[in-house]
Amino acid sequence: MRDDGTRSHDGTGLDDRARLDHATGSDDGTGSDGRVAPFWPRRSPHFLQVRTALRGAVQRWRDEHRGNKHRGNKHPENKHCTDEHGTAEFVIAVSGGPDSLALAAAVAAEKLPAHVVSIDHGLQEGSREVSEGAIAQVGQWGLSGQVVSVRVVGEPLEAAARHARYQALGDLAGHRPILLAHTGDDQAETLLLGLLRGRASAMGEVSDYQGHTLLRPLLGIRRVHTVGACRELGVAAWNDPHNTDEAFRRVAIRRQVLPLLDQIIGGDATAPLVRAAELLREDDDYLHTLTPKLERSMAATEQCTEPATQPAEPSTQPATKPSTEPATQQPPALEIAELGPPPLARRAIAKFLQQHGARVSASTLEASIAFIHDWHGQGAVSVGNGLELARQAGKLVLLHSSLGDDSQPSASST
């Protein structure tokens with residue numbers, strides 16, 4: 001065991017295994033026992049940080065979900081993945097940037113059964129070539145992969161692209177967890193963005209998006225480690241031009257606000273922001289445990305995940321025979337009586353909206369609370385992505401927007 005306590009899956013220290021493979025390797029890169037020599041150098045401290053973070057997150061996820069098979073019934077595997085990559089336990093989202101490439105390399109080094117997906121948003125000239133280059137790179141590390149093209153519709157652009165990306169990844173992943181390469185720096189930016197929208201929010205290591213599991217193993221490390229890992233691996237990562245466009249709020253915070261905060265405190269402002277986000281997430285996770293009735297209510301509507309276009313008010317028509325329509329045509333809904341006081345209700349509604357692909361903002365949540373505590377017949381509220389939230393018959397229901405308008409003024413949570 002190394003001084004930092006890290007070990008590989010076979011009990012050998014990372015540097016020890018690399019040293020052994022290199023020492024026994026032949027000119028063609030194979031060892032005397034037929035194994036392929038590792039693609040990482042003997043000394044790679046940044047890459048070690050990425051691998052250690054990945055290993056810990058995957059182990060925590062496996063420990064929590066060991067033996068839990070219900071997701072497979074709810075989300076059958078995509079046929080392509082089942083036929084060609086049926087042994088893949090994870091799906092990795094890779095853009096070609098340093099964060100996702102470092103994560104993919106760590107997955108390969110840890111020998112995790114995974115399939116790589118690069119989403120081509122088609123928003124920039126040559127984007128398809130960038131995605132294909134990313135798949136070619138991970139292929140050199142022994143990972144299977146594919147490019148998936150999506151159509152981005154709606155505003156703001158960043159939120160619409162994220163929604164399209166997550167939908168495509170979820171459709172392909174089925175019940176498999178989707179590995180995302182968000183780092184602690186992304187976490188700090190997310191916290192500041194949320195505060196500016198009037199709602200403090202933080203990404204979780206494990207979260208849910210429309211019934212699909214998102215796993216972010218790198219939240220505990222910094223971007224310097226992913227960039228450093230790519231440098232150690234000799235990988236030329238792609239730099240998205242959008243990451244220098246300060247018209248995007250996240251980029252402006254990254255390039256203007258955080259450096260100014262560093263200057264103000266005379267040190268690293270990102271580290272305490274990451275810690276604050278971790279504490280916020282712990283509080284949120286605990287508060288969610290205080291709403292067991294709500295969890296049952298949401299579970300009861302999980303099979304009704306297709307929002308419907310219905311009037312915002314309950315029908316005044318006389319009762320008729322029980323409907324023979326299948327339950328899947330009912331819109332997702334929350335029982336208002338089970339939502340609890342506003343602090344719990346806000347968290348419950350935010351989780352509900354996120355699970356169904358809607359956007360979450362301070363104004364949306366306040367309008368939702370008004371549905372509960374200041375109800376006077378107000379109409380539905382747009383929650384983005386062609387959806388709106390309304391009150392019907394003692395429930396908050398998620399409907400397809402009758403206006404087809406995606407002009408929700410605030411961006412979604414990450």
Side-chain angles (χ1 to χ4, degrees), residues 78 80-81 91-105 107 114-141 143-173 178-183 185-186 189-190 193 209 214 216 218 223 226-231 233-258 357 359 384-386 404-408 410-412 414:
N78 173 275
H80 175 85
C81 258
V91 165
I92 320 169
V94 172
S95 66
D99 298 343
S100 59
L101 282 179
L103 175 60
V107 167
H115 180 64
V116 178
V117 180
S118 185
I119 302 296
D120 173 23
H121 300 87
L123 297 176
Q124 302 172 25
E125 185 177 353
S127 60
R128 179 80 186 188
E129 287 75 11
V130 170
S131 291
E132 290 174 348
I135 296 302
Q137 176 60 68
V138 302
Q140 295 180 24
W141 297 329
L143 295 173
S144 66
Q146 67 186 101
V147 178
V148 175
S149 297
V150 298
R151 181 169 173 260
V152 178
V153 178
E155 295 290 342
L157 180 63
E158 186 179 13
R162 182 187 307 114
H163 177 67
R165 178 167 65 252
Y166 285 1
Q167 274 199 323
L169 289 167
D171 290 344
L172 190 143
I178 301 166
L179 297 179
L180 302 174
H182 296 115
T183 66
D185 297 81
D186 296 305
E189 295 160 10
T190 296
L193 281 169
Y209 187 84
L214 306 180
R216 300 179 177 91
L218 306 186
R223 189 173 292 133
T226 59
V227 173
C230 288
R231 185 169 58 249
L233 296 170
V235 174
W238 174 63
N239 291 312
D240 186 348
H242 284 163
N243 287 336
T244 61
D245 185 353
E246 296 181 7
F248 294 103
R249 290 182 181 179
R250 180 178 292 273
V251 177
I253 284 177
R254 181 181 306 161
R255 295 169 63 91
Q256 297 181 31
V257 177
L258 284 169
R359 299 176 189 163
N385 294 325
D405 183 8
D406 257 358
S407 57
Q408 176 69 10
S410 57
S412 71
T414 302

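Atoms considered below: every heavy atom in the structure, side chains included; atoms not considered: hydrogens, waters and symmetry mates. Along the sequence shown, the residues carry numbers beginning at 1.
Between Arg151 and Ala164, the shortest heavy-atom distance links the atoms O-CB, 3.9 Å. The minimum heavy-atom distance linking Ser100 with Ala93 is given by the pair CB-O, 3.6 Å. The two atoms that bring Ala104 and Leu143 nearest to each other are O-CD1, 3.4 Å, heavy atoms only. The minimum heavy-atom distance linking Ser144 with His115 is given by the pair OG-ND1, 2.7 Å. Across every non-hydrogen atom of Ser95 and Gly97, the tightest pair is OG-N, 3.1 Å. Residues Leu101 and Cys230 approach most closely at CB-SG, 4.2 Å, considering heavy atoms.
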Start with the C-alpha gap between Val235 and Trp141, add the side-chain angles, then the distance that decides, and say whether side chain to side chain contact (heavy atoms under 4.5 Å, CB included) holds.
CA-CA 12 Å; Val235 174; Trp141 297 329; 3.5 Å; yes
Let's go through Ser149 and Arg128 carefully: what are the C-alpha distance in whole Å and the side-chain angles of both, what is the deciding distance for side chain to side chain contact (heavy atoms under 4.5 Å, CB included) to 0.1 Å, and is it a yes or a no?
CA-CA 8 Å; Ser149 297; Arg128 179 80 186 188; 3.0 Å; yes
Evaluation steps, side chain to side chain contact (heavy atoms under 4.5 Å, CB included), between His182 and Thr190
CA-CA 10 Å; His182 296 115; Thr190 296; over 6 Å; no
Stepwise, does the side chain to side chain contact (heavy atoms under 4.5 Å, CB included) test hold for Asp171 with Val148?
CA-CA 11 Å; Asp171 290 344; Val148 175; over 6 Å; no
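Rounding to the nearest 0.5 angstrom, the gap separating the CG atom in Leu218 from the OG1 atom in Thr226 is 7.5 Å. The line from CD of Glu129 to CH2 of Trp238 is 11.5 Å long, rounded to the nearest 0.5 Å. From Thr183, atom OG1 reaches atom CG of Leu180 across 12.0 Å, with rounding to the nearest 0.5 Å. Within the model, atoms CZ of Arg162 and NE2 of His121 stand 10.0 Å from one another, a figure rounded to the nearest 0.5 Å. The distance from atom CG of Leu172 to atom CD of Gln146, rounded to the nearest 0.5 Å, is 4.5 Å.
In this structure the side chain of Arg254 reaches within 4.5 angstrom of the side chain of Asn243, judged on heavy atoms. A 4.5 Å side-chain heavy-atom check between Asp186 and Asp99 finds at least one atom pair inside the cut-off. The shortest side-chain heavy-atom distance between Arg255 and Thr244 falls under the 4.5 Å cut-off. The side-chain heavy atoms of Val130 and Gln124, taken from C-beta on, include no pair separated by under 4.5 Å. At a threshold of 4.5 Å between non-hydrogen side-chain atoms, the residues Pro156 and Arg359 count as touching. For the pair Ile178/Tyr166, no side-chain contact is recorded, criterion being any heavy-atom separation below 4.5 Å from C-beta on. Here the side chains of Val138 and Ile92 are not in contact, with every heavy-atom distance at 4.5 Å or above.
Between the side chain of Ser118 and the main chain of Ile135, no donor-acceptor pair closer than 3.5 Å is present. A donor-acceptor contact shorter than 3.5 Å links the side chain of Asp185 to the backbone of Arg223.
Counted by atom type alone, His242 and Glu158 present zero donor-acceptor pairs between their side chains at under 3.5 Å.
Taking a 6.0 Å sphere around CG of Asn239, one finds it holds 12 or fewer heavy atoms contributed by other residues, nucleotides or ligands.
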